[in-house]
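Scroll down for the structure; my scribbles are underneath it.
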Amino acid sequence: MKILVLADQESEYLWDYFERSKFEGIDLIISCGDLDAGYLSFLATLLPIPVLYVHGNHDTKYQTRPPEGCISIDGEYYIYKGVRIVGLGGSMRYRKDVENQYTEREMAKRVRKLLLPLVFHRGFDILVAHAPARGVNDGEDLAHQGFKVFRRLICHYHPKYFVHGHIHQNYTSRFKRYDKLDDTTVVNAYERCIIEI
């Protein structure tokens, strides 16, 4: 299965210069957050491909105008054609008055709510998040720190992929598209990337 993963920056290549042929062989589209709802709705409307998404830390408009034709997997355990997916959007809390930001403790509570399906289905194949895991290509400032609980989740269940956004390519010269955490491939989905499972 080929999956197009997106995050943080709308791709001109896909949106402004749209051609169906660019999506040949793509079975699923997953947004890791901070993308315009209209962009995701555009993809869901023009393509016969499911579009899944989690919230980014800037996706406050999704509460009143969610991406049409798309499926929120934020805080959910979701199975698509046998591929088990866990969705956990948001970032580390750095402002008190903004939704989709969590303390480490709050994110751990969200993970605990997923324990029953995690145990019942014997793990998962892809962790979809907006923020990175702590210590894996995250930032030192609070706004861009990753979550320790993601790291624990990955090290316990060993999914094939951990895909995230939040760390933009222009933030650092040390930007990594791909990395490893134990035997899990970590993918920064900034703008667009394709994974296979």
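For clarity, every value in this text was computed on a predicted model and none was experimentally measured. Just so it is clear, the values below take in all heavy atoms, side chains as well, and ignore hydrogens, waters and symmetry mates. Residue numbers start at 1 and run along the sequence shown.
Residues Ser91 and Ala131 approach most closely at CA-CB, 4.0 Å, considering heavy atoms. Pairing each heavy atom of Phe23 with each of Leu43, the nearest pair is CZ-CD2, 3.9 Å. Annotation for Phe147 and Gly90: closest pair CE1-O, 4.4 Å, computed over non-hydrogen atoms. Considering every non-hydrogen atom in both Cys32 and Ala7, the closest pair reads CB-CB, 3.8 Å. The two residues Ala44 and Cys70 come nearest to each other via the heavy atoms CB-SG, 3.8 Å. Between Cys193 and Arg177, the shortest heavy-atom contact is SG-CD, 3.8 Å.
Taking NE2 from His58 and CG from Asp36, the interatomic distance works out to 13.5 Å, rounded to the nearest 0.5 Å. The CZ atom of Phe162 sits 5.5 Å away from atom NE2 of His164, with the distance rounded to the nearest 0.5 Å. Note that OG of Ser31 and CD of Glu10 are 9.0 Å apart. Values are rounded to the nearest 0.5 Å. Rounding to the nearest 0.5 angstrom, the gap separating the NE2 atom in His144 from the CG atom in Asn137 is 13.5 Å. Distance check, rounded to the nearest 0.5 Å: CH2 of Trp15 to CG of Leu35 gives 9.0 Å. Atoms CZ and CD, from Phe150 and Glu104 in turn, are 8.5 Å apart once rounded to the nearest 0.5 Å.
The list of side-chain hydrogen bond (donor to acceptor under 3.5 Å, both in side chains) pairs with a residue in residues 185-197, not counting sequence neighbours, reads Ser11-Glu191, Ser11-Arg192, Lys180-Thr185. Among pairs with a residue in residues 102-137, those fulfilling ring pair (Phe, Tyr, Trp, His ring centres under 6.0 Å) read Tyr77-His121, Phe124-Tyr157, His130-His166, at least two apart in sequence or across chains. The side-chain hydrogen bond (donor to acceptor under 3.5 Å, both in side chains) analysis of residues 40-54, with sequence neighbours excluded, yields no pairs. Listed by first and then second residue, the salt bridge (charged side-chain N to carboxylate O under 4.0 Å, His left out) pairs that reach into residues 110-123 are Asp74-Arg110, sequence neighbours excluded.
Although no hydrogens or angles enter the test, the distance criterion places a donor-acceptor pair under 3.5 Å between the side chain of Lys22 and the main chain of Tyr13. Of the possible polar contacts, one joining the Glu106 side chain to the Thr103 backbone as a donor-acceptor pair under 3.5 Å is found. When atom types are taken as modelled, the side chain of Asp34 and the backbone of Asp8 share no donor-acceptor pair closer than 3.5 angstrom.
Leu153 places a side-chain heavy atom less than 4.5 Å from the side chain of Leu118.
With side-chain heavy atoms closer than 4.5 Å counting as contact, directly or through intermediates, the hydrophobic cluster containing Ile85 also holds Met1, Ile3, Val5, Leu28, Ile30, Leu52, Val54, Ile71, Ile73, Tyr78, Tyr80, Val83, Ile126, Val128, Tyr161, Val163, Tyr178, Val187, Ile195, Ile197.
Ile154 and Ile167 fall into different hydrophobic clusters, where Ile, Leu, Val, Met, Phe, Trp and Tyr side chains are chained together by heavy-atom contacts under 4.5 Å. Residues Leu46 and Ile26 are members of one and the same hydrophobic cluster, defined by side-chain heavy-atom contacts under 4.5 angstrom among Ile, Leu, Val, Met, Phe, Trp and Tyr. Linking ILVMFWY side-chain heavy atoms closer than 4.5 Å, directly or via other members, places Leu4 and Val186 in two distinct hydrophobic clusters. Cluster annotation: Leu115 and Ile79 are assigned to the same hydrophobic cluster (Ile/Leu/Val/Met/Phe/Trp/Tyr, side-chain heavy-atom contacts under 4.5 Å, transitive). Linking ILVMFWY residues whenever their side-chain heavy atoms come closer than 4.5 Å, directly or via other members, leaves Tyr62 and Val98 in distinct clusters.
Checking Asn57 against Tyr94 by side-chain atom types alone, a donor-acceptor pair falls below 3.5 Å. With 3.5 Å as the limit, one finds no donor-acceptor pair spanning the side chains of Asn100 and Asp59.
In this view, Gln63 and Glu99 satisfy the side-chain hydrogen bond (donor to acceptor under 3.5 Å, both in side chains) rule, not counting sequence neighbours.
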Under the side chain to side chain contact (heavy atoms under 4.5 Å, CB included) criterion, do Leu181 and Arg151 qualify, and how do the steps go?
CA-CA 8 Å; Leu181 179 54; Arg151 196 179 180 100; 3.7 Å; yes

Is there a side chain to side chain contact (heavy atoms under 4.5 Å, CB included) between Arg134 and Gln145? Walk through the geometry before answering.
CA-CA 6 Å; Arg134 186 70 181 128; Gln145 281 180 14; 3.5 Å; yes

Under the criterion side chain to side chain contact (heavy atoms under 4.5 Å, CB included), I'd like the reasoning laid out for Leu40 against Ile29: C-alpha separation, chi angles, the key distance, then a yes or no.
CA-CA 9 Å; Leu40 297 180; Ile29 298 173; 5.7 Å; no

Kindly indicate, with the supporting measurements, whether the criterion side chain to side chain contact (heavy atoms under 4.5 Å, CB included) is fulfilled by Val86 and Leu114.
CA-CA 8 Å; Val86 170; Leu114 296 169; 3.6 Å; yes

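Ion pair Asp125/Arg84 flagged as a salt bridge, since at least one NZ, NE, NH1 or NH2 atom sits closer than 4.0 Å to an Asp/Glu carboxylate oxygen.
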